[in-house]
Amino acid sequence: MHIESVSCIDDLRRAALARIPRFAYTFLAGGAGNDAGVRRNEQELARLLFAPVGMATGRVDTSVRLFGRTYAQPFGFAPVGMANLAWAGCDLMLAETAQRESLPYVISTAASTELEELAARAPDNCWFQLYMLRDDELNFALLDRVAAAGIEVLAVTVDTPVRSRRNGSIRERFEQPFQPHPRFVLDVARHPRWALRTARAGMPNLMNYSRYVEGGDIHKVAAFMKAQSRGGVSWDDIAMLRRRWKGPLVVKGILDAADATRAAREGADAVWVSNHGGRQLESAPATISVLPAVREAVGTLPVLFDSGVRGGEDIVKAGALGATMAFCGRAPIFGAAAFGAAGVAKAHAVLADEVRTTLAQIGCRRFADLSPAFIHRGEPGQGERGRAAPAARAA
Ligand SMILES: Cc1cc2nc3c(=O)[nH]c(=O)nc-3n(C[C@H](O)[C@H](O)[C@H](O)COP(=O)(O)O)c2cc1C
């Protein structure tokens, strides 16, 4: 497929599938168990319909105010570990696109590029995602580096108490400790452009930790991170991070209204409704299903949303059900895997255009004005009863 023919994120996904080795695609696209959770996130978003109203004309405003600044779009790039497996340089492409287009880009603890290098490419737009390790000295050393790099927003991920079982990756034998096998070698050989580029750049590593590990190769660093895994994050940990981190603190991986309330009480500045893109628990609820209850539980606190976002309509649906901003994990990664930097830019352009046209089509001129009334409930006349008349909203 030519990039000019790409119409949507699924086109990027299909192009990615053709261009990168199967083990890498399976790692990026797959989820826990046999991927039912990945599909559920997408299906529950697709099942929702809008309740459009007419007669709202004029320019559409997609911007979002969050943590004291204005972002151009109601979506950002979620943290993705080992993203350079998609295409060497992927992390930098995400950072540069975020900086250029005024989106948040969340650097993963497990990024395949050092956080300092990413923050230098996107000085205004990087956030940092923390996987807490067992050793608090290491956690603090990392947080000191994050603050020194000028990053203000910290998202701590709480939905990875254990390593999950991803059957696709088990079948591909792409598991720690990794042992190359004949099928893997063949898989790589069948994708020479990926192979050459990756060989030139070097196999992706967990770069934020490589400096703490003697020798620093991927096997040693991965073993180090596995040994250091905290095995879950407690409320005491959140309280400790709150004392330690001066900037906005986000708790990522919330699926429960009571957890959301508790996070707010512990001083979180936002909660992030996420099931890790279906990668941790196959039978987790779809995030769009739990979003309304979380929104109701936390009042006006910002609620971030991800898992299953494959288009602008999904982003607008999340906005209508209470999300302050949506995040995309796989969508821009498929772009990078398919077409490198141009593919990340394409993913952004597609999503931004879809958000704009969706808002215009449903008769909502500002993303910030979305409400559940824009979601179809199967009742006639919902538009008249459930929200202000379009002319009033357009004023
Ligand atoms: C390949 C891959 C790696 C990921 N790595 C991380 C990570 O290091 N830290 C984290 O908090 N979430 C990680 N996530 C989860 C994303 O941040 C996000 O929650 C999820 O991808 C959203 O779902 P979506 O891919 O359907 O958009 C990862 C997701 C993928 C697909």
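Every heavy atom of this structure was used, including side-chain atoms; hydrogens, water molecules and symmetry mates were not. In this chain, numbering begins with 1 at the start of the sequence shown. Indexing begins at 1, ligand by ligand and atom by atom, following the structure's order.
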Residues Q361 and R356: side-chain donor-acceptor under 3.5 angstrom: no

Scan R166, R165, R163 and name whichever one has a side chain to side chain donor-acceptor pair (under 3.5 Å) with Q280. R166

Is it true that R13 and Y25 share a donor-acceptor pair across their side chains at a distance under 3.5 Å? yes

Where is the tightest heavy-atom contact between A29 and V38, given as atom of each residue plus distance? O-CG1, 4.1 Å

With sequence neighbours excluded, tell me which residues meet salt bridge (Lys or Arg N to Asp or Glu O under 4.0 Å) with D11. R14

I'd like the residue list for ligand 1, meaning every protein residue with a non-hydrogen atom under 4.0 Å from the ligand. F27, L28, A78, P79, V80, G81, S108, Q129, Y131, T157, K252, S274, H276, G277, R279, D306, S307, G308, R310, C328, G329, R330

Check ion pair R183-E172 (N to O, under 4.0 angstrom): yes

